[in-house]
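Have a look at the structure below, then the notes.
Values below: all heavy atoms of this structure, side chains included; hydrogens, waters and symmetry mates excluded. In listed order, ligands and their atoms are each counted from 1.
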Amino acid sequence: MISVESALEIVLSRADPIGAEDVSLPDACGRYLAEEVRSDLDLPPFDRAMMDGYAVRASDTAGAPRTLRVTGQVRAGQQPDRALASGEAVQIMTGAPVPPGADAVQQVEKTRALPDGQVEIVEAVEPSQNVAPRGCEARAGDVVLEAGRRVDPAALAVLASAGRARVRVGRRPRVALLVTGDELVDPAERPVGGQIRNSNGPALAAQILEAGAVAEPLGVAPDAEERIAAAVQRGLGADVLVLSGGVSAGAFDLVEAVLAAFGVEVLFERVAIKPGAPLVFGRRGSQLVFGLPGNPVSAQVTFDVFVRAALERLQGSRGTASRPLVDVELLAPFRNRSRRKAYLPARVRADGTRLVATPIRSAGSADVFAHAAANALLVLEADRTEAAAGEHAPAMLLRRFFEGDA
Ligand code: AMP
Ligand code: MG
């Protein structure tokens with residue numbers, strides 16, 4: 001059994017970018033840049049007024065109030081048609097180019113329009129005040145986004161500003177998903193006898209999508225080697241093969257035997273993590289193979305810790321691949337008797353500037369209800385068997401935390 005850290009290192013060392021493609025801007029959102037992006041312009045491209053008001057020479061406003069002659073107007077999108085001389089003011093709008101000869105803008109609220117084309121500047125301005133000089137945000141040729149950066153709405157604004165209507169991003173990995181288990185029935189069915197509903201199929205397919213990959217469902221295979229093998233055969237062309245169930249020590253846990261028959265090189269098969277100790281990772285050519293435990297919470301948590309990290313790297317992410325841990329104060333005790341690194345369901349909320357965590361009672365690794373109620377997982381190292389109320393511990397905030405469930 002290897003540690004979570006060693007397992008993650010092994011996974012990441014095998015997860016190299018799988019290639020790139022050019023996409024247009026809205027489609028780039030959520031993807032990882034496969035190139036560094038440089039601006040083709042100075043931004044702003046001209047000295048830009050930051051306020052509606054009057055472009056002036058700051059020296060003309062010393063000892064304000066001062067009256068200046070209004071010689072024109074510049075609107076956003078226009079080019080000033082002449083330079084400004086001493087004693088003059090030009091009415092200007094936010095976003096418009098400041099005329100040559102002017103070095104400041106006084107905001108309209110600090111001026112008073114007078115008859116006969118004059119304006120009273122009520123308060124003095126400093127040179128450069130309310131002017132964004134050309135190139136103050138970025139210079140032509142500057143790298144404005146690094147390769148490996150995940151594109152989000154803020155990055156889309158940068159791409160657009162830098163003149164990039166198309167951009168090179170990592171290809172989305174194709175992930176074949178095979179769910180195994182004799183006992184599984186479709187969610188639309190009512191289980192009888194020892195049956196249970198297949199909850200991993202929908203959950204894992206959605207986790208694959210959330211990680212930016214494309215899910216290719218291979219259906220559900222019963223615990224029979226030839227049936228699992230037939231399904232695996234159909235998934236061999238994908239970038240990643242994810243299986244659920246059949247990797248523990250039971251007599252009908254046949255996934256590893258099937259993977260061996262296909263020549264999958266197994267790099268580890270047990271990880272000191274709770275939930276989820278039986279966890280197979282291997283490689284067949286360039287294909288990565290994950291055999292996740294069947295227990296639904298184990299499947300979801302090990303996906304989040306290992307598979308998601310791999311999928312992000314395959315798309316070109318250069319990030320740390322792990323969700324950041326934050327320090328939380330415990331409002332109630334937590335226990336970890338597993339001797340493995342534990343990820344325990346918790347609710348984290350802000351109390352002023354501190355984060356506090358309350359444990360969620362869970363009936364175990366099958367308790368999808370407790371897992372769905374959590375917005376964070378409390379991370380207790382293997383040797384930390386107990387954490388008392390008032391103590392601090394690291395928590396891994398789940399996506400739900402950031403999506404309003406805090
Ligand atoms: P296994 O890893 O196949 O030994 O399964 C461990 C536990 O998870 C068993 O109780 C299974 O019934 C359950 N399980 C396996 N696959 C699924 C699934 N797709 N959906 C819900 N529960 C599952
Ligand atoms: Mg099973």
> Hey, which atoms in ligand 1 end up nearer than 4.0 Å to a heavy atom of Arg197?
Replying inline: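 Close to Arg197: 20 (N), 21 (C).
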> Which of the atoms in ligand 1, numbered in the order shown and given with their element, are less than 4.0 Å from a heavy-atom of Val179?
Replying inline: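 It comes down to these atoms of ligand 1: 19 (N).
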Residues [X], [Y]: salt bridge by 4.0 Å N-O rule:
| X | Y | result |
| --- | --- | --- |
| Glu5 | Lys341 | yes |
| Glu36 | Arg149 | no |
| Arg384 | Glu391 | yes |
| Asp42 | Arg139 | yes |

>> On a heavy-atom basis, I'd like to know which of Gly181, Gly194, Gly294, Ser248 is closest to atom 4 (O) of ligand 1.
In response: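 Shortest heavy-atom distance from atom 4 (O) of ligand 1: Ser248.
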What's the shortest distance from [atom] to any protein heavy atom, and which residue and atom give it?
| atom | value |
| --- | --- |
| atom 10 (O) of ligand 1 | Asn295 OD1, 4.3 Å |
| atom 22 (N) of ligand 1 | Ile196 CD1, 3.2 Å |
| atom 19 (N) of ligand 1 | Asn198 OD1, 2.9 Å |
| atom 12 (O) of ligand 1 | Glu183 OE2, 2.5 Å |
| atom 3 (O) of ligand 1 | Gly246 N, 2.9 Å |

>> Would Tyr343 and Asp304 count as a side-chain contact (heavy atoms from CB on, under 4.5 Å) here? Give the steps.
In response: CA-CA 11 Å; Tyr343 291 72; Asp304 216 18; over 6 Å; no
>> Checking contacts here: is it the side chain or the backbone of Ser199 that comes within 4.0 Å of ligand 1, counting heavy atoms only? Could be both or neither.
In response: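 It is both parts that get close, each with some atom under 4.0 Å.
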> Just heavy atoms, cut-off under 4.0 Å: does Asp253 contact ligand 1 by side chain, backbone, both, or neither?
Replying inline: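 Just the side chain.
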> Using a distance-only test with no angle check, is there a side-chain donor-acceptor pair under 3.5 angstrom linking Asn295 and Ser365?
Replying inline: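 Asn295 vs Ser365: no donor-acceptor pair found between side chains.
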>> Test your reading of the model: is there a side-chain donor-acceptor pair from Thr180 to the backbone of Ser244, 3.5 Å cut-off?
In response: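 Flag set: sc Thr180 to bb Ser244 pair under 3.5 Å.
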>> Testing Arg400, Arg399, Arg308 one by one against Glu210 for a salt bridge (charged side-chain N to carboxylate O under 4.0 Å, His left out), which residue passes?
In response: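 So the option named by the test is Arg399.
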>> With nothing but distance in play, are any N or O atoms of Pro296 less than 3.5 Å from an N or O of ligand 1?
In response: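 Such a contact does not occur with ligand 1.
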